[in-house]
Amino acid sequence: MRIATWNVNSVTARLPRLLAWLEKSGTDVLCLQELKCSAESFPAEPLRELGYEAAVNADGRWNGVAVVSRVGLDEVVTGLPGQPGYLGEAPEPRAVAATCGPVRLWSVYVPNGREVGHDHYAYKLEWLEALRAAAADDTAAARPFAVLGDYNIAPTDEDVFDPAAFAGLTHVTAPEREALAGLRALGLSDVVPRPLKYDRPYTYWDYRELRFPHNKGMRIDLVYGNEPFATAVEDAYVDREERKGKGASDHAPVVVDLEV
DNA sequence: ATGCCTCTTAGGAAGAGA
């Protein structure tokens, strides 16, 4: 069984690539983030023609997440139980869960944080705590379970191209990394993919400054799986080929093959 | 070639992303 997670930076703008990649890669379940579409404008029909059904959480602005599956889609939960809103506003569409055949998956888009000390940074940490609390039961269950998505955190200094360039910035701070440690303490482990080229499995490269050709990237799209999930992993890799060319997202898909 | 940012809303310019 092949599953994947991909921040597509607009599912509408990425639709031709998305459909082609699903067919080419043979992915059974894909977790999507940053849809940037409304629930009504999500491209459910072209996906259905390829044999996929979708659980979508979107509001027509930024954010938006989905689980797209051709192996079943049950027990859908839209939104993160107990998730905070930003500055007291309504919760944003940053989480959706579904059971797809033998595995249970969450697709999450963790808030960016913007700057250390910003209200959005506090929101990011609150959001991660809500995620930790909400993931406990599925993590402890016997069924393979994983939280996949754009965490907007590089777990270690090895996961950014130049730690010095990120000093004092979000994505690498101790509180953010401690939030990841909190998830691991539940019983989730970081399923680290292999890179298809070079030595580090970056998943994101800024559009600017030739970051991709120079391989100045970050690993911020993560797969955190419980023990039954981690044991079932046969292979995991970053499909950096999908970052190439015109009309690419700034993130590449992370692919995980499971023996289930 | 992997190539100098892209997407959205809105109706021109600006915010968000990380």
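Any value given below was found using the heavy atoms of this structure, including those in side chains, with hydrogens, waters and symmetry copies removed. In what follows, chains carry the letters A, B, and so on, assigned in the order in which the sequence lines appear, proteins first and then strands, with residues in each chain numbered from 1.
- The ring-ring contact (aromatic ring centres under 6.0 Å, His included) analysis of residues 234-260 of chain A, with sequence neighbours excluded, yields the pairs A:Y204-A:H251.
- The residue among A:C37 and A:P111 whose nearest nucleotide of DNA chain B lies closer to the 5′ end is A:C37.
- Counting distance only, with no hydrogens placed and no angle test, the side-chain atoms of A:N152 and the base atoms of B:dA18 include no donor-acceptor pair under 3.5 Å.
- In this entry the distance linking OH of A:Y123 with P of B:dA18 reads 13 Å, nearest Å.
- For the pair A:L35 CG and B:dA16 C1', the interatomic distance rounds to 16 Å; values are reported in whole Å.
- Considering only residues two or more places apart in sequence or on other chains, A:H120 meets the ring pair (Phe, Tyr, Trp, His ring centres under 6.0 Å) condition with A:Y86, A:Y123.
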| query | Nucleotide by nucleotide, 5' to 3', does protein get under 4.0 Å of the base (B), only the sugar-phosphate (S), or neither (-) in nucleotides 1-8 of chain B, counting heavy atoms? | reply | -BBBBSBS
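- Not counting sequence neighbours, the partners of A:F166 by the ring pair (Phe, Tyr, Trp, His ring centres under 6.0 Å) test are A:F161.
- B:dA18 and B:dC7 are spaced 15 Å apart, taking the C1' atom of each and rounding to whole Å.
- Straight-line distance from the NZ atom of A:K124 to the P atom of B:dA18: 8 Å, rounded to whole Å.
- Remark: A:R94 qualifies as a cation-pi partner of A:Y109 under the 6.0 Å distance and 45° angle criteria applied to the six-membered ring.
- Across all strands, A:Y204 comes closer than 4.0 Å only to sugar-phosphate atoms, never to a base (heavy-atom distances).
- For the pair A:D250 CG and B:dA16 P, the interatomic distance rounds to 16 Å; values are reported in whole Å.
- When heavy atoms are screened at a 4.0 angstrom cut-off, A:D150 is found touching the sugar-phosphate backbone but no base atom.
- For A:W21, the ring pair (Phe, Tyr, Trp, His ring centres under 6.0 Å) partners are A:W6, not counting sequence neighbours.
- Within a 6.0 Å sphere centred on CG of A:D137, heavy atoms belonging to other residues, nucleotides or ligands number 12 at most.
- The distance from atom CG of A:L169 to atom C1' of B:dG17 is 14 Å, rounded to the nearest whole Å.
- Here A:Y224 pairs with A:Y151 under the ring pair (Phe, Tyr, Trp, His ring centres under 6.0 Å) rule; sequence neighbours left out.
- Checking the phosphate oxygens (OP1, OP2) of B:dA18, a side-chain nitrogen or oxygen of A:H251 falls inside 4.0 Å.
- Remark: A:Y109 is in phosphate contact with B:dA18, judged by side-chain N or O atoms under 4.0 Å from OP1 or OP2.
- In this structure, OH of A:Y151 is placed 15 Å from P of B:dA18, rounded to the nearest angstrom.
- Phosphate contact (OP1/OP2 of B:dG17, side-chain N/O of A:N7, threshold under 4.0 Å): absent.
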